[in-house]
J.: 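So that we are looking at the same thing, I have put the structure below in structure tokens.
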Amino acid sequence: MPNKLLNKIVSFMTGNGQKKAPTYVRRVIPRDQHTVSRSVISEPAKKVLNRLNNAGFEAYLVGGGVRDVLLGGQPKDFDIATDATPEEVHDLFRNSRLIGRRFRIVHVLFGREVIEVTTFRGNASDADDEDDDDRRTNEHGLLLRDNVYGNMEEDALRRDFTVNALYYCIKDFSIIDYANGIEDLNKRQIRLIGDPETRYREDPVRMLRAIRFAAKLDFDIEPATEAPIRTLAPLLTHIPPARLFEEVLKLFSAGHGEATYDLLQQYDLLAPLFPETARALAAGEPDDLIRQALRNTDDRIRQGKSVTPYFLYAAILWPALQAEWRKRQDDGEPVQPALHGAIGKVIGRQVQATAIPKRFSGPMKEIWELQMRLPRRQGKRAYVTMEHPRFRAAYDFLLVREAAGEIEPGLGQWWTEFQAADDRDREKMLSELGSESSGPRKRRRRRSPANKA
Ligand code: ATP
Ligand code: MG
């Protein structure tokens with residue numbers, strides 16, 4: 001096939017084909033030499049492992065489920081690797097769904113818990129020679145499909161990081177380590193398996209995953225794994241926006257959002273994800289609000305509270321919105337139309353980088369628009385604003401702006417008291433606004449809340 005030929009030529013020219021992969025030795029760590037005990041593995045995960053084993057298949061816990069337990073943490077979910085094909089897994093579990101195209105897997109559903117079951121994947125170079133479409137890369141080295149099955153060792157070596165390629169066997173309680181994962185876990189470092197540049201080209205999202213795990217686990221990124229990131233960061237623009245949206249949510253919803261944000265900036269990864277924000281920051285727009293919002297988000301997650309994607313996006317895109325809003329006002333547009341124009345433009349550009357599903361972009365716009373309505377409280381306005389379905393989020397956003405020092409404190413406190421007050425006190429609060437009522441409004445008209453100084 002001409003495409004394959006082209007890939008080979010490109011890979012030859014770039015030298016990727018000539019790089020030697022490090023050699024790895026398979027190690028088995030018996031039960032008495034590690035800390036993973038069956039009691040920390042969820043019942044559904046154990047059920048899936050046992051049923052696969054009883055049906056004569058190999059099945060292991062792998063990925064975050066093993067890594068996080070070894071580190072003394074609570075895994076977010078449990079992933080299982082098996083030699084059963086997706087169809088065979090699907091046949092064994094009535095409560096399962098076959099999903100994915102680029103990467104076919106099975107989800108076994110137990111109430112709210114989803115166990116992800118993946119069939120052992122084969123390795124790239126062997127598959128390249130095959131005349132089929134199951135494993136394909138494009139001219140940038142990007143892996144388009146990855147459905148070539150293989151043995152357990154191949155499966156381990158096509159995983160991203162060494163600490164993610166540890167397998168737990170429920171039959172004899174051992175851990176199987178193909179890529180020195182235990183050593184890197186002890187050294188607390190994120191290391192790609194194989195040649196870093198090739199692995200990032202196959203899937204540039206691995207750069208984001210490196211950052212995510214480094215922030216979440218408080219690990220270093222090993223020098224060779226770290227080295228190509230800045231240069232290859234622009235490859236993320238080849239990733240479908242919908243996948244990047246999902247990755248952004250994972251980046252910021254693990255409870256280490258601020259650390260993640262620092263790393264993204266440090267490795268030039270903010271620009272491919274949030275080009276408008278990166279541009280605004282480079283032009284001098286402050287990011288105090290982003291940081292404050294991420295700190296709040298991290299606190300919320302630690303308290304077990306939920307975080308809404310639209311709040312996160314409203315915060316991360318805020319500097320871009322400010323810059324665009326101000327520019328339009330400087331060009332003579334009145335505040336309100338300038339805001340609407342800026343909102344449209346910022347969202348329009350953002351969805352080219354990471355998608356924003358409509359159910360999130362709508363509320364995000366409302367949070368922004370309400371920032372202009374919150375100062376205007378006279379007459380019935382405060383009541384009307386409070387009835388808005390996005391009032392609560394907009395009020396939270398206002399508090400973040402105040403905490404970030406973007407606007408003078410006071411308004412947030414007023415709304416806090418107003419919400420808690422009874423009817424009589426509310427009327428009193430409104431009448432106290434009285435004569436000064438037009439003051440802040442006028443000021444805001446001339447000098448948009450966008451402007452700090
Ligand atoms: P967490 O679930 O805590 O986010 P995880 O390591 O389990 O972390 P998942 O996204 O659940 O991450 O993926 C499960 C495993 O699949 C990973 O540990 C890794 O072995 C493999 N994997 C996931 N994404 C990739 C990728 N882009 N390239 C290579 N291997 C991957
Ligand atoms: Mg996982």
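In listed order, ligands and their atoms are each counted from 1. The residues of the chain are indexed from 1 along the displayed sequence.
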J.: Under 4.0 Å from any heavy atom of Asp203, which atoms of ligand 1 are there?
T.: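 In order of number, 26 (C), 27 (N).
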
J.: Kindly give the atom name of the N, O or S atom of Asp79 closest to the Mg ion (ligand 2).
T.: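 For Asp79, the N/O/S atom sitting closest to the Mg ion (ligand 2) is OD2.
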
J.: Answer side chain, backbone, both or neither: which part of Val205 comes under 4.0 Å from ligand 1, heavy atoms only.
T.: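 Near ligand 1, Val205 shows nothing, with every heavy atom at 4.0 Å or more.
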
J.: Under 4.0 Å from a heavy atom of Asp79: which atoms of ligand 1 are those, numbered in the order shown and with their elements?
T.: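 That gives atoms 7 (O), 11 (O), 14 (C) of ligand 1.
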
J.: Check ligand 1 against Arg212 and write out every atom of the ligand that is under 4.0 Å from a heavy-atom position of the residue.
T.: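 Ligand 1 atoms under the 4.0 Å threshold to Arg212: 4 (O).
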
J.: Should you measure from each heavy atom of Gly63, which atoms of ligand 1 turn up under 4.0 Å away?
T.: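 Those of ligand 1 that fall under 4.0 Å from Gly63 are 18 (O).
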
J.: Could you tell me if any non-hydrogen atom of Glu202 lies under 4.0 Å from any atom of ligand 1?
T.: no

J.: Under a 4.0 Å N-O cut-off, is there an ion pair linking Arg291 with Asp262?
T.: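 Yes.
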
J.: Quick one: does Phe213 get a heavy atom under 4.0 Å from ligand 1?
T.: yes

J.: Quick one about Gln189 and Asp184 (side-chain donor to acceptor, distance below 3.5 Å, no hydrogens or angles considered), yes or no?
T.: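 There is such a pair (donor and acceptor under 3.5 Å, judged by atom type) between the side chains of Asp184 and Gln189.
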
J.: May I ask you to check if Arg390 and Tyr310 form a cation-pi contact, with NZ or CZ under 6.0 angstrom from the six-membered ring centre and within 45° of the axis?
T.: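 Yes, Arg390 and Tyr310 form such a contact.
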
J.: Using the ring centroid of each side chain, check whether Tyr313 and Phe252 are separated by less than 6.0 Å.
T.: no

J.: Mark the output for Glu116 as yes if a heavy-atom distance to ligand 1 is under 4.0 Å, and as no if none is.
T.: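 It does not; every heavy atom stays at 4.0 Å or beyond.
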
J.: Relative to the heavy atoms of Arg158, which atoms of ligand 1 are at a distance of less than 4.0 Å?
T.: 29 (C)

J.: Anything under 30° is parallel, anything over 60° is perpendicular, the rest tilted; go ahead and classify Trp368 against Trp318.
T.: tilted

J.: Which of the numbered atoms in ligand 1 are under 4.0 angstrom from any heavy atom belonging to Gly64?
T.: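 Reading through ligand 1 atom by atom, the close ones are 5 (P), 6 (O), 7 (O), 18 (O).
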
J.: Hey, are Tyr267 and Arg230 close enough side-chain-wise for a donor-acceptor pair under 3.5 Å?
T.: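 The criterion, which ignores hydrogens and geometry beyond distance, is not satisfied for Tyr267 and Arg230.
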
J.: If you consider just the N/O/S atoms, which atom of Asp77 is the closest one to the Mg ion (ligand 2)?
T.: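 Closest to the Mg ion (ligand 2) among those atoms: OD1.
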
J.: Below the 3.5 angstrom mark, is there an N/O of Lys216, backbone or side chain, next to an N/O of ligand 1?
T.: yes

J.: Can we say Arg328 and Glu324 salt-bridge, meaning some charged N sits less than 4.0 Å from an Asp/Glu carboxylate O?
T.: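 Looking at Glu324 together with Arg328, the answer is yes, because their closest N to O distance falls below 4.0 Å.
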
J.: Could you tell me, atom by atom, which parts of ligand 1 come under 4.0 Å of a heavy atom of Lys76?
T.: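 Once the distances to Lys76 are compared, the set is 1 (P), 2 (O), 4 (O).
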
J.: Which distance, rounded to the nearest 0.5 Å, do you find between the CZ of Arg199 and the CG of Asp160?
T.: 7.5 Å

J.: Would you mind checking if Asp79 and Arg159 are paired as a salt bridge, meaning a charged N to carboxylate O distance below 4.0 Å?
T.: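 Salt bridge between Arg159 and Asp79, a charged N being under 4.0 Å from a carboxylate O: no.
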
